Amino acid sequence: MVKNATLGVNSAQQIVGEVTQNLNDAVLAQLPKLNTLKRKLRRVKERATWHPPCPTSIRDLIIPDQYMCLSGGSQFLLHDSGVHDDERFIIVGSMTGLRALSMSTRWHADGTFKTTPLIFKQLYSIHAEIGNNSLVAGAFILRTRMTEEDNIFNRC
């Protein structure tokens, strides 16, 4: 039941119902009360889906280990200049995306200010052109400061 609560989308009521429907009376008598089982499963589900609160300042942003890697275990957080950096920036991406960038002769880069998390000023994305105008995401950079002289891509 705990595994179903952690991985599944069913409610605690549904999980308890599915598991107990085919049990005989002797086994059911050994189980805790149904309300106790449901309460425990709800708590398990809450812990499994918990996310850290949104930080209100750049110094409050601590990236938990579970967000530093992709689901397959490969590295996702490529660089973090650190909580003590007043001009902090974070680079995320995948090894596949970095490989695509290293093999591509043409990159497409763009920055946006509108869809950036509140504690950052700019989200910059770099894509590799592969084959017939197909783009592969290479890296995403979150920056806390953005002025024209900071923009290294304007100097290229």
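Remember, predicted model here, so these are calculated numbers, not experimental data.
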Heavy atoms only: give me the nearest [X]-[Y] pair and the separation to one decimal.
X: Y124; Y: G111; value: CD1-CA, 3.5 Å
X: T116; Y: F113; value: OG1-O, 3.6 Å
X: L101; Y: H127; value: CD2-C, 3.9 Å
X: L78; Y: Q75; value: CA-NE2, 3.8 Å

Rounded to the nearest 0.5 Å, how far apart are [atom1] of [X] and [atom2] of [Y]?
X: I141; Y: I91; atom1: CD1; atom2: CD1; answer: 5.0 Å
X: T115; Y: Q122; atom1: OG1; atom2: CD; answer: 10.0 Å
X: M95; Y: L98; atom1: CE; atom2: CG; answer: 5.0 Å

Main-chain N/O of I126 paired to W107 side chain as donor or acceptor, under 3.5 Å: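 Flag not set: sc W107 to bb I126 has no pair under 3.5 Å.
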Kindly write out the residues that satisfy salt bridge (charged side-chain N to carboxylate O under 4.0 Å, His left out) with R43, not counting sequence neighbours, or none if the list is empty. none
Could you note down all residue pairs passing salt bridge (charged side-chain N to carboxylate O under 4.0 Å, His left out) where residues 57-84 supplies at least one of them, sequence neighbours left out?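 Listed by first then second residue: R59-D86, D80-R88.
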Acceptor/donor pairs from residues 25-34 side chains to any protein atom, 3.5 angstrom cut, sequence neighbours excluded:
none

Take a 6.0 Å sphere around CD of Q13 and say whether it holds more than 12 heavy atoms from other residues, nucleotides or ligands.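 Counting neighbours around CD of Q13, 12 or fewer heavy atoms of other residues, nucleotides or ligands fall under 6.0 Å, so no.
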Does E129 have any side chain to side chain contact (heavy atoms under 4.5 Å, CB included) partners at least two apart in sequence or in another chain, and if so, which? S104, R106, H108, N133, L135
Would you call [X] and [Y] a side-chain contact if the rule is heavy atoms closer than 4.5 Å?
X: R99; Y: T96; answer: yes
X: K121; Y: R143; answer: no
X: H79; Y: F89; answer: yes

Under a single-linkage rule joining Ile, Leu, Val, Met, Phe, Trp and Tyr whose side-chain heavy atoms are separated by less than 4.5 Å, which residues share a cluster with I63?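 Besides I63, the cluster holds I58, L61, Y67, M68, L70, F76, L77, I90, V92, I119, F120, L123, F140, L142.
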In the hydrophobic cluster built from side-chain contacts under 4.5 Å, what are the other members alongside V136? I130
